[in-house]
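Reading through the structure tokens given below for one structure.
Order of listing sets the numbers, starting from 1, for every ligand and every atom in it. Bear in mind that the values here come from a model prediction, so they are computed numbers and not experimental data.
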Amino acid sequence: MTQCDLESRHALVTGGTRGIGLAVARRLHASGAKVSLTGRDSANAEDVAATIADDVLGLGCDVRDGGQIATAFRTAAERHGPIEILVNNAGVARDNLMIRLSEEEWEEVMQANLRGAFHTIRLVLKGMMKAGGGRIINITSVVGMTGNKGQANYAASKAGLIGLSKSVAKEYASRNILVNCVAPGFIETDMTAALPGGAREALLGGIPLGRLGQPDDVASAVLFLASDFASYMTGQVLVVDGGMVM
Ligand code: NDP
């Protein structure tokens with residue numbers, strides 16, 4: 001084995017329309033996977049999929065809605081076969097100090113970041129068991145490990161995702177279903193674009209590698225966990241943060 005060859009396995013990436021998810025979808029496709037990606041708007045998801053390659057499937061699916069997830073996953077399986085690699089990447093941040101955090105902000109983040117993964121994982125397990133194995137990769141955050149001011153809802157959802165991943169990893173290790181997390185630090189995407197200049201400089205000072213992360217940095221870690229190179233890893237959190245948390 002000299003390279004990560006995904007050998008036409010079907011990989012589904014939630015939130016694959018931009019940022020980290022799009023980089024992951026591109027990288028998995030370039031490594032030989034059949035790829036399905038989702039976003040909230042189906043026309044946009046189709047357009048983005050077409051920018052990667054004609055055989056990439058773009059699907060509309062709001063991960064806050066279990067019914068929409070089930071429909072999208074059925075369509076994906078009809079097109080590319082059972083899902084063998086699931087990347088739970090879709091996520092949102094609605095930051096606020098705890099004292100001002102509304103129930104709506106709490107719920108939205110929990111539903112998108114944590115409950116969405118509950119639905120997607122339940123949907124793929126049977127097929128993976130039948131196939132004799134599979135990979136589930138959940139995009140959490142270093143904030144889920146350290147906490148962060150103004151991000152109680154986001155940090156709780158990402159810490160929850162780690163607990164969910166480790167539990168499912170234990171339940172299905174005997175079925176060769178490997179469940180791992182990738183925890184990015186600060187990656188330059190739409191999600192982090194709003195940061196004011198001063199805060200950006202302060203943040204950079206805390207990153208030993210001296211630069212902000214790029215979506216491709218995270219995609220590399222996801223590809224590794226999806227590949228045969230990671231066949232003896234499960235229940236782990238792979239941190240991709242330029243050394244910010246150590
Ligand atoms: P972006 O905001 O750039 O992209 C978010 C993606 O998620 C889009 O594709 C969006 O698709 C999709 N999405 C958002 N809400 C929903 C929803 N309800 N249903 C379905 N899809 C949805 O974010 P990033 O690329 O920065 O982040 C990707 C993941 O990485 C997230 O889980 C995030 O928490 C995590 N992360 C990011 C970090 C960073 O520094 N950027 C650091 C640590 C973790 P669309 O708009 O088309 O619906």
Polar side chain donor-acceptor pair, Arg18 to Thr189, under 3.5 angstrom:
no

Is there a donor-acceptor contact under 3.5 Å linking the side chains of Asp95 and Gln151?
yes

Looking only at the side chains, is there a donor atom on one of Asn180 and Gln236 sitting less than 3.5 Å from an acceptor on the other?
no

With no hydrogens and no angle check, is any side-chain donor or acceptor of Thr14 less than 3.5 Å from a backbone partner on Ala90?
yes

Given a heavy-atom cut-off of 4.0 Å, could you list the residues near ligand 1 in chain and number order?
Gly15, Gly16, Thr17, Arg18, Gly19, Ile20, Gly39, Arg40, Asn44, Cys61, Asp62, Val63, Arg64, Asn89, Ala90, Gly91, Val92, Ile139, Thr140, Ser141, Tyr154, Lys158, Pro184, Gly185, Phe186, Ile187, Thr189, Asp190, Met191, Thr192

Between Lys34 and His29, is there a donor-acceptor pair closer than 3.5 Å when you use the side chain of the first and the backbone of the second?
no

Are the side chain of Arg94 and the backbone of Trp106 linked by a donor-acceptor contact shorter than 3.5 Å?
no

